[in-house]
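For reference, the structure discussed in these notes is given below.
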Amino acid sequence: MTAAPRIDVITLFPEFIESSLEVGVVGRAVKRGLLSVQSWQLRDFAHDNYKTIDHRPYGGGPGMVMLIDPLRECLQMVRQADPRPAHVVYLSPQGQPLTQAKVRELAHRPRLVLLCGRYEGIDERLLQAEVDEEVSIGDYVLSGGELAAAVLVDAVGRLQDGALNDPQSAVQDSFENGVLDCPHYTRPERHELGDVPALLASGDHRKIARWRRQQSLGRTWLRRPDVLARCDLSADDRQLLAEFIAEWRAQDGGPGAVR
Ligand code: 4GX
């Protein structure tokens, strides 16, 4: 038996990471031992009685910068806690965007270490010496890296073997196919707010699969043209999408339609 993948999180708010693991699919994966998550209080590695972990930036300006040495000593302890080589990730808006492809790549790593910055960030020299990759969860600014780390732990954690009740659900997710997910319906079939598309209740699984694929392609075309542009569509897919677009133009998108 090989050891479960391990994620260490270095943070000023370990409770934040721990509380996010008390619930849901990933919390259950941790409880089942499919994944191990350990958080570390950076302040425990401060050198003075005031527990200082930051200081004013050289060159002046607002805010504080996190010191090299507490982080470095913490990382040394973290590395020593497990013999497997660690892939160190710093969460920041300057990083490469976190996509499902990146999540899959990180999910294969036996050991991840996540650095959570507060204030204006971390001394660049520590980043250059110790960080393997900088990752951003999106083009907006958080007050610290903890929420971004929790996002990464969640996205990576749910992909671990046995984390999802039905492994098929990971395959059907948005982005796993390179396109957005299709709409979903459940009981009742008829409702004041509308009826379930008849085809879905027909039992014709080939037709249902084609309809879902068409909806996925159509929604990606409508909502995320940037995602669609990066898709390598089969001839079949292009046919389904052309049909969707023709129907959409006929129904909602007539010339001068206001939406
Ligand atoms: N995706 N933040 C990092 C500290 C910081 C400040 C300045 C570098 C420079 C974020 C994101 C994010 C807020 C985490 C600022 N680091 N992290 N923190 N977006 O906004 O990952």
Side-chain angles (χ1 to χ4, degrees), residues 5-21 24 26 35 37-47 50-76 78 86-109 111-159 173-175 223-224 226-227 230:
R6 168 172 178 146
I7 306 179
D8 292 274
V9 185
I10 299 179
T11 167
L12 292 168
F13 300 100
E15 333 75 67
F16 187 102
I17 303 298
E18 281 148 22
S19 69
S20 77
L21 294 171
V26 178
L35 166 77
V37 181
Q38 199 63 231
S39 49
W40 299 72
Q41 172 54 271
L42 177 62
R43 230 175 262 289
D44 294 344
F45 298 83
H47 289 186
Y50 303 102
K51 302 278 174 206
T52 307
I53 47 82
D54 59 345
H55 206 80
R56 295 191 308 277
Y58 276 109
M64 302 291 270
V65 176
M66 291 170 77
L67 296 166
I68 294 175
D69 283 328
L71 273 164
R72 195 159 173 241
E73 285 157 33
C74 182
L75 258 167
Q76 192 186 342
V78 170
H87 185 71
V88 180
V89 176
Y90 176 47
L91 285 313
S92 108
Q94 282 70 47
Q96 290 301 304
L98 185 65
T99 59
Q100 193 62 22
K102 172 62 71 184
V103 168
R104 278 193 294 266
E105 187 188 311
L106 293 173
H108 283 118
R109 300 263 182 193
R111 246 204 115 180
L112 292 173
V113 175
L114 310 182
L115 290 189
C116 302
R118 287 261 148 187
Y119 320 109
E120 297 312 302
I122 297 179
D123 191 301
E124 189 66 21
R125 294 167 293 180
L126 183 282
L127 299 181
Q128 295 217 329
E130 301 273 14
V131 170
D132 296 304
E133 129 172 78
E134 205 163 323
V135 170
S136 167
I137 66 157
D139 294 341
Y140 40 77
V141 182
L142 304 169
S143 60
E146 285 75 13
L147 211 36
V151 165
L152 203 155
V153 170
D154 189 277
V156 163
R158 65 189 287 286
L159 291 187
D173 283 330
S174 302
F175 304 115
R223 301 178 186 192
R224 293 296 302 275
D226 59 316
V227 169
R230 277 180 262 116

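If you're wondering where the values come from, they're calculated on a predicted model, not measured in any experiment. Whatever order the structure lists them in is the order used to number ligands and atoms, beginning at 1. Values below: all heavy atoms of this structure, side chains included; hydrogens, waters and symmetry mates excluded.
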Checklist entry - So which heavy atom on G117 is nearest to which on Y90, and how close? => result N-CE1, 3.9 Å
Show me the donor-acceptor pairs within less than 3.5 Å that the side chains of residues 9-16 make with the rest of the protein, sequence neighbours left out.
unit_1	atom_1	unit_2	atom_2	d
T11	OG1	F13	N	2.7
T11	OG1	E146	OE2	2.6

Checklist entry - So, for D154 and V26, which heavy atoms are closest and what is the spacing to 0.1 Å? => result O-CG2, 3.4 Å
Next on the checklist: Strictly below 4.0 Å, N to O, side chains only: are D132 and R109 in salt-bridge contact?
Outcome noted: no
Donor-acceptor pairs under 3.5 Å, side chain of residues 64-73 to any protein atom, not counting sequence neighbours: which ones?
unit_1	atom_1	unit_2	atom_2	d
E73	OE1	H47	NE2	2.8
E73	OE2	H47	NE2	3.1

Which pairs of donor and acceptor atoms, one on a side chain in residues 50-63, lie under 3.5 Å apart (sequence neighbours left out)?
unit_1	atom_1	unit_2	atom_2	d
T52	OG1	D48	OD1	3.4
T52	OG1	D48	OD2	2.6

Checklist outcome for this item: Heavy-atom contacts under 4.0 Å to ligand 1, chain-then-number order, include exactly Y90, L91, S92, P93, Q94, G117, Y119, E120, G121, V135, S136, I137, G138, Y140, V141, L142, G144, G145, A148
